[in-house]
Amino acid sequence: MIRVEDLVHRYGATQALDGVSLSVADGEFVLLAGANGSGKTTLVRHFNGLLPPDEGRVTVDGRPVDEDVVAARTSVGMVFQDPRDCFVAATVGADVAFGPENLGLAHEEIDRRVGEALAAVRMDGRRDERIDALSGGEQARVAIAGALAMRPAHLVLDEPFAGLDWPARTAVLDRLVALNDEGTGVVVVTHDLRDVLDVADRLVVLSAGRVVEDGPPESVASRLAVHDVRPVAADAPP
Ligand code: ADP
């Protein structure tokens, strides 16, 4: 369980989060939408202690994130917008192994986790391939595998579909749905809700650093335009 209470975050004079309270239960599939600059990225960076609160508090499984960042990062896996910036190794297997290696796990356990994580994103058998030779969709799936190898309770993805074509997007979304079916909580930050409304349990909308909608996607969707969020992008396929 991720719990955010009265969270305020400022960048100098900019108040990016203006008193956000929100809980994400284990196993939930949550969409976080909102116009550009509404505070989405800032909010999720608080989920695992990448940013410290100016006011308010964030707990993961009841523990304040700033008191136990390691526990928070184990429970909440984060996949950033442009995975290319985040790879730490040249090959698929070495990159996915990086997190578990840093946990100091035994070789066999690292190997098992890498195998499971790659299987979960349908990249098994491709450990030795170079990441820079993969397609954008494949790179996105390797980035997800890297987070999964930590066996997080929640997987948080910031704009995971950015730059992906429709088949790659569908492949990534299919993997997220399958992971969620198996029990991993999924939080997707996206400004592009085309095909994700149907698969999520809940849609949270931010506007100017505040939560302005929070409910089942089918009931929130009709009010999206009010908050400057387009439910269907202009280039959506039929
Ligand atoms: P979103 O993810 O919804 O686009 P962000 O969380 O990135 O929103 O940004 C929220 C607000 O904080 C915006 O006004 C943005 O310009 C500002 N902001 C974000 N990151 C920084 C930063 N590193 N320094 C200064 N201002 C920032």
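Note that this is a predicted model, so its numbers are computed, not measured. Just follow the structure's listing: the first ligand is 1, and inside any ligand the first atom is 1.
Considering only non-hydrogen protein atoms, atom 7 (O) of ligand 1 sits nearest to T41 CB, 3.8 Å. Ranking the protein heavy atoms by distance from atom 22 (C) of ligand 1 puts Y11 CD2, 3.4 Å first. Looking from atom 8 (O) of ligand 1 to the surrounding protein, the closest heavy atom is G39 N, 3.1 Å. Atom 6 (O) of ligand 1 has as its closest protein heavy atom T42 OG1, 2.5 Å.
Residue T14 places no N or O, backbone or side chain, under 3.5 Å from any N or O of ligand 1.
Distance screen at 4.0 Å: atom 15 (C) of ligand 1 has no protein heavy-atom neighbour inside the cut-off. Within a 4.0 Å radius of atom 4 (O) of ligand 1, the protein has at least one heavy atom.
Minimum interatomic distance between A35 and D228 (heavy atoms only, all atoms of both residues): CB-CB, 3.9 Å. Of all heavy-atom pairs spanning I110 and A97, the tightest one is CG2-CB, 3.9 Å.
Rounding to the nearest 0.5 Å gives a distance of 9.5 Å between OG1 of T14 and NE2 of H9.
Note on D174 versus R122: no salt bridge recorded, every NZ/NE/NH1/NH2 to OD/OE distance being 4.0 Å or above.
Interface of A35 with ligand 1, defined as ligand atoms under 4.0 Å from a residue heavy atom, comprises 3 (O). Below 4.0 Å from some heavy atom of S38 lie the following atoms of ligand 1, by number and element: 1 (P), 3 (O), 8 (O). Of all the atoms in ligand 1, the ones that sit under 4.0 Å from a non-hydrogen atom of A16 are 10 (C), 11 (C), 12 (O).
Considering only non-hydrogen atoms, atom 10 (C) of ligand 1 lies nearest to G37 out of G34, A208, G37, A33.
With a heavy-atom cut-off of 4.0 Å, N36 touches ligand 1 through backbone and side chain alike.
Other residues, nucleotides and ligands place more than 12 heavy atoms under 6.0 Å from the CZ atom of R127. Counting heavy-atom neighbours within 6.0 Å of D128 CG, excluding the residue itself, gives a total of 12 or less.
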From CA spacing to verdict: salt bridge (charged side-chain N to carboxylate O under 4.0 Å, His left out), E108, R112: CA-CA 6 Å; E108 307 79 69; R112 184 159 49 234; over 6 Å; no
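L22 pairs in a side-chain contact (heavy atoms from CB on, under 4.5 Å) with only one of the listed residues (L43, L206, V58), which is L43.
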